There are 2 protein chains.
Amino acid sequence: MVMGRPRSFDADMALDEAMEVFWRHGYDGASLAMLTKAMGIKAPSLYAAFGSKEGLLKAALDRYAQRRSEHMRYVLAGPSARAVAERFLSSIAESHTDPANPPGCLLVQGGLACGAGSENIPFELASRRAQTETELRERFIQAKQDGDLTDDADPAALARFLSTVASGMGVLASSGANRDALREVARVSLSAFPGHRERGGAML
Amino acid sequence: MVMGRPRSFDADMALDEAMEVFWRHGYDGASLAMLTKAMGIKAPSLYAAFGSKEGLLKAALDRYAQRRSEHMRYVLAGPSARAVAERFLSSIAESHTDPANPPGCLLVQGGLACGAGSENIPFELASRRAQTETELRERFIQAKQDGDLTDDADPAALARFLSTVASGMGVLASSGANRDALREVARVSLSAFPGHRERGGAML
DNA sequence: AGACTTATCTACCACTCGATACAAAAGTTG
DNA sequence: CAACTTTTGTATCGAGTGGTAGATAAGTCT
């Protein structure tokens with residue numbers, strides 16, 4: 001079998017550049033001109049490798065998920081439900097303000113609402129966000145079986161709460177909020193989580 | 001002084017239609033064709049009335065803020081800081097899943113990231129989101145002076161937390177989450193707020 | 001009525017969008 | 001080297017983008 005002309009660019013490196021463009025400008029806001037320039041390739045190479053603009057986004061999302069999976073493994077390996085929540089929000093505060101990336105979260109910045117012809121992009125992103133929530137929920141269900149969470153705790157509600165706060169932190173970070181602001185949100189959020197030490201003082 | 005031909009459309013009604021388009025498709029995703037069709041006017045009328053696509057968005061945002069201001073007045077009139085927080089998150093859960101509007105929040109859906117030529121849109125939206133946070137913060141500062149919040153409470157942190165949860169709920173709603181899901185997030189979030197009745201059971 | 005002012009409509013502008021046809025180039029294999 | 005396969009660059013496609021020029025219509029004021 002003959003091999004043909006070899007690809008002259010590294011697909012993963014190109015995906016990293018594409019990811020950044022989608023992250024910073026959203027799906028609709030990321031033009032082919034921006035993408036090809038950032039990736040250092042011409043349009044036909046892009047289409048040969050990824051099929052379409054949407055295919056490129058999906059490939060970038062896969063790579064994004066892959067990058068995050070190790071962090072998420074660490075998060076879920078926390079010794080208790082509360083530790084998992086702490087690790088989760090803390091890692092979100094760091095990653096969403098990592099100067100190596102655009103601020104916020106690709107799964108939020110990428111496009112909550114899109115124009116004609118891109119209607120399925122928001123679904124794609126939502127489904128990937130839901131995956132994190134599912135991982136947290138299953139971890140909390142496990143925690144409940146382990147007796148680590150009380151019987152009246154609601155794993156699904158807690159997971160959804162954390163996932164929602166994470167999305168909110170993405171919005172906050174994209175507005176230019178600094179790392180300390182996100183850490184503070186994480187701290188306050190954690191006091192909604194079972195197992196925290198109640199702060200002193202009578203209130204209300 | 002002569003008056004000239006009167007406008008044949010109601011600017012506020014047209015703005016409501018434009019608002020919905022921006023809400024559902026975002027700034028970049030909302031094309032002039034969509035907007036003029038929804039508003040029932042032709043492009044020159046739109047430009048005569050609002051100056052540009054960006055001017056139209058700003059007018060729609062003004063109207064959005066105006067609509068919300070009455071709700072916000074009710075929220076801020078809560079008898080205690082905690083009541084304010086309850087009213088705030090509760091009203092967010094309802095409004096973000098109001099079937100009369102697109103799901104989520106215009107200030108989030110409108111565009112966290114935009115393409116070339118729309119770079120200031122995200123700033124515009126962020127500044128309007130920040131306004132709500134400021135209103136909450138000032139209300140909580142007042143609550144602290146009234147002795148309604150303890151000395152160790154941090155009004156800025158609480159306001160930012162609530163604002164962040166609200167943004168997260170916007171993302172959640174835009175993913176298709178129903179009203180009960182948002183109410184649940186509101187309920188969990190409130191347990192992070194000073195003055196709640198701690199749930200029973202030892203944890204961790 | 002007639003002058004004046006403003007809005008509306010049709011048609012169109014230059015430009016960008018995502019995507020592709022085609023030929024030249026760069027490899028591998030026999 | 002020659003046959004073959006795939007990638008690359010140039011040049012371009014039709015459709016859609018935000019925005020506008022110019023003529024006409026619809027009012028108000030004298």
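Throughout, a chain's letter reflects where its sequence line sits, starting with A, and its residues are numbered from 1. Worth saying up front: this structure is predicted, and the values here are computed from it rather than measured.
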Whole angstrom value for the distance that separates [atom2] of [N] from [atom1] of [X]:
X         : N       : atom1 : atom2 : answer
Lys42(B)  : dA25(D) : NZ    : P     : 15 Å
Ile121(A) : dG18(C) : CD1   : P     : 12 Å
His25(B)  : dT17(D) : NE2   : P     : 12 Å
Leu32(B)  : dC17(C) : CG    : P     : 16 Å
Lys37(A)  : dT16(C) : NZ    : C1'   : 15 Å
Leu46(B)  : dG18(D) : CG    : C1'   : 11 Å
Met3(A)   : dT29(C) : CE    : C1'   : 10 Å
Lys53(B)  : dT17(D) : NZ    : P     : 9 Å

Between the side chains of [X] and [Y], is a donor N or O closer than 3.5 angstrom to an acceptor N or O?
X         : Y         : result
Arg129(B) : Ser163(B) : no
Thr134(A) : Arg137(A) : yes
Ser80(A)  : Asp148(A) : no

Remember a base hit wins even if backbone is also touched, and classify [X] as base, sugar-phosphate or nothing at under 4.0 Å, heavy atoms.
X         : value
Pro6(A)   : sugar-phosphate
Ala43(A)  : base
Ala116(A) : nothing

For the residue pair Phe161(B) and Phe161(A), does the interplanar ring angle fall in the parallel (under 30°), tilted (30 to 60°) or perpendicular (over 60°) class?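 Perpendicular, since the angle between the ring planes exceeds 60°.
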Where the side chain of Ser52(A) is defined as all heavy atoms beyond and including C-beta, which of dA19(C), dT20(C), dT8(C) is the nearest nucleotide?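 My answer, after comparing the listed nucleotides, is dA19(C).
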Of the options dT17(D), dT20(C), dA7(C), whose atoms approach the side-chain atoms of Pro44(A) most closely?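 Selected nucleotide: dT20(C).
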Is the phosphate of [N] approached by [X] (side-chain N or O, under 4.0 Å from OP1 or OP2)?
X        : N       : result
Tyr47(A) : dA19(C) : yes
Ser31(B) : dG16(D) : no
Ser45(A) : dT7(D)  : no
Ser8(A)  : dT7(D)  : no

Residue met sooner reading DNA chain C from 5', once Gly40(B) and Arg5(B) are mapped to nucleotides: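 Taking each residue's closest nucleotide, the earlier one in sequence belongs to Arg5(B).
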Contact nearer the 5' end of DNA chain C, comparing Phe9(B) with Tyr27(A):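 The 5'-side residue here is Phe9(B).
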Set of salt bridge (Lys or Arg N to Asp or Glu O under 4.0 Å) partners for Asp98(B), sequence neighbours left out: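 Partners of Asp98(B) under the salt bridge (Lys or Arg N to Asp or Glu O under 4.0 Å) test: none.
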